[in-house]
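Below: the structure, in structure tokens.
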There are 2 protein chains.
Amino acid sequence: MAAAQIAVGRTGKDSSVSGIEVEPGGDAHSMPQSGRAADAVIAKLEEQIVTGALENNSPLPAERQLMEQFSASRTVIREAIATLSSRGLIESRPRFRPVVRKPDYETALTAVGGIVRHLLTERGGVKNLYDSRVFLERALVRQAAIAAQKDDIVQLREALAANKRAIDNSDAFYLTDVAFHGVLYTIPKNPIFPAIHEGYTSWLAPHWEKMLRSPERNLVNFRSHEAIFSAIVERDPDAAEEALANHLKAAWEYVRVTFDLDQL
Amino acid sequence: MAAAQIAVGRTGKDSSVSGIEVEPGGDAHSMPQSGRAADAVIAKLEEQIVTGALENNSPLPAERQLMEQFSASRTVIREAIATLSSRGLIESRPRFRPVVRKPDYETALTAVGGIVRHLLTERGGVKNLYDSRVFLERALVRQAAIAAQKDDIVQLREALAANKRAIDNSDAFYLTDVAFHGVLYTIPKNPIFPAIHEGYTSWLAPHWEKMLRSPERNLVNFRSHEAIFSAIVERDPDAAEEALANHLKAAWEYVRVTFDLDQL
DNA sequence: CATAAAGTTTGGTCATACCAAACAGGGAGG
DNA sequence: CCTCCCTGTTTGGTATGACCAAACTTTATG
């Protein structure tokens, strides 16, 4: 019977358990999806990546090879790859071999990117994010005023100079503006902060870029940067914090009025 | 012929393009994985979720139903579901119907959870995260001292009282301890901060829980909380910041010595 | 030796089949 | 009439096997 032949097809499904535990009771930590067999593969690959068994920036083995290595079906392998990809541990472009990406703080930020983007579309989303940035930067300039090292000051001075030179070029000004603020995030010498800065700029940028810019406006912002810098150099945390607060508050007012996102 | 029948199998692969665009040039934003057909499904589902077409907390349609709705194979549907799941837009337990989860700031944090956990295993990872927490909380208590409202004070007072009552019960103490700090994150009235607190506690908890606790230790911590509270009530930002800094510094020293993770 | 053509992977999808756990109904027992 | 258990159906998890098109390799060619 033809039907019979077709029916045969799948031979050993249960036997596939060979080696792959499905963690029955496990810790069931926060991560939502778990329990499928793919998780075993995910876990192993994850380990191989973090331990360096799979070298960073090198391509992942072919799927058909992995399915042999884990004695799992391609279905499972693919699912594992998909998950790892959206977790940022591997980067998979459309039709190319996935590339191993050892996680760093920046990777972590891009992982939230998708959700954050959604949150920003909700009422008050942009405001909340911006406010958190103001809050953080206030603390950063304060910290800078208190503990900035010589080379931090140098960096700030250079960023400020570049900022000044770009006053007549709004595009360049924007970049140097971001860079100046970026220096503030490097002062605590904690890789988490630059990553956060990265996040802020990439998430808030869309709203900034649409905004009209002008040399006059740039000059105002430059003066603010100058004031912040001075306060830091003079080791005056309160003045630095206030200068920055005013700067960012003014900037917000500007966008708030430009669009008419009063309740954004 | 049986063989013929089998061979036929896949009828319209190319025709499957019916309605699903593969965004050839698209914006190709930051997200790594893109280009597969699943992305179309992902996008549509994503939209249906955020627009509320798919009600929050309600189960997703069955896979076999979705594949009809999107005229795509189950493979694609599953991949979409997997991705959305790891993005936090839907929550899928092992063998249950996936549940729609409208994103919030907390969801965003859990999305990074996986990566953060890895980062913590690296040299300096825990230290960096902890330092960032100290940095943030210093700013928070300062803010609290400056702008705490009446009800914020009430909340702090209550949290402090609960903390005191739990001194003899280390487990309870831990919880009230976390709760006390948690109140600080609510004072700026920005939903981002409580989410961050959530993150800190869940990520750093594993390291804390292993630590020995004792009533003596609890008392010391309680006194610290008391000092912080007092400074806030007295509207003294500098004192509050210092009290908190000392508190967290001491706590760190304690764990640092307990384990012998000098360069953790 | 550079380059174009031919051949071989390999990722992306589709279709089908089966299992086991979840779910929905219905009948037995209180 | 309500509760509980048993049973048939739905549905998620996996396995196979095929096929296409793009990427990668090898080989022939000018």
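Numbers restart at 1 for each chain; the letters A, B, ... are given by sequence-line order, proteins then strands. Computed from heavy atoms alone, side chains included, the values below leave out hydrogens, waters and symmetry copies. It should be emphasised that the depicted structure is a prediction, and the values quoted were computed from it without experimental measurement.
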Problem - Which residues share a ring pair (Phe, Tyr, Trp, His ring centres under 6.0 Å) with B:F180, sequence neighbours left out - result: B:H225
Problem - Any residue meeting side-chain contact (heavy atoms from CB on, under 4.5 Å) with A:R74, in chain and number order, not counting sequence neighbours - result: A:E63, A:R64, A:M67, A:R78
Handout entry: Phosphate OP1/OP2 of D:dT10: any B:R64 side-chain N/O under 4.0 Å
Key = no
Fill in the blank from the handout: With sequence neighbours left out, the residues meeting side-chain contact (heavy atoms from CB on, under 4.5 Å) with B:D131 are A:N190, B:K127
Fill in the blank from the handout: By side-chain contact (heavy atoms from CB on, under 4.5 Å), A:S58 pairs with (sequence neighbours left out) A:E55, A:V100
Problem - For A:I192 against B:S132, the heavy-atom pair lying closest together - result: CD1-OG, 3.9 Å
Exercise for the section: Check whether any side-chain nitrogen or oxygen of B:S73 sits under 4.0 Å from OP1 or OP2 of C:dT13, and answer yes or no. Expected result: no
Exercise for the section: Whole angstrom is fine here: how far is it from CD1 in A:I42 over to P in D:dG13? Expected result: 12 Å
Problem - Side-chain donor/acceptor of B:R78 to base of D:dG12, under 3.5 Å - result: no
Handout entry: Separation of C:dG11 P from A:L84 CG (nearest whole Å)
Key = 15 Å
Problem - Nearest-nucleotide comparison on DNA chain C, the residue closer to the 5′ end among A:T75 and A:F96 - result: A:F96
Exercise for the section: Give the rounded distance in Å between these two atoms: CG of A:D39 and P of D:dG13. Expected result: 10 Å
Practice task
Send over the distance from B:M67 CE to C:dT13 C1', rounded to a whole Å.
Solution key: 11 Å
Exercise for the section: Check whether more than 12 heavy atoms from other residues, nucleotides or ligands sit under 6.0 Å from atom CZ of B:R133, and answer yes or no. Expected result: yes
Practice task
With sequence neighbours left out, write down each residue that passes salt bridge (charged side-chain N to carboxylate O under 4.0 Å, His left out) with B:D171, or none if nothing qualifies.
Solution key: B:R213
Exercise for the section: Send over the distance from A:I77 CD1 to D:dT16 P, rounded to a whole Å. Expected result: 12 Å
Practice task
Respond yes when some side-chain nitrogen or oxygen of A:R97 is under 4.0 Å from OP1 or OP2 of C:dG11, and no when none is.
Solution key: yes
Handout entry: Distance-only donor-acceptor test, A:R95 side-chain atoms vs C:dG12 base atoms, 3.5 Å
Key = no
Fill in the blank from the handout: Separation of C:dG11 atom C1' from A:I81 atom CD1, nearest Å, is 9 Å
Problem - Length of the CZ-P vector between B:R74 and D:dG13, whole Å - result: 8 Å
Handout entry: Rounded interatomic separation in angstrom, taking CG from B:L66 and C1' from D:dG12
Key = 12 Å
Exercise for the section: Return the angle between end axes of the helix from C:dC1-D:dG30 to C:dG30-D:dC1, with five pairs used per end and rounding to 10°. Expected result: 10°
Exercise for the section: State whether the distance check finds a donor on one side and an acceptor on the other, under 3.5 Å, for side chain B:R93 versus base D:dG12. Expected result: no
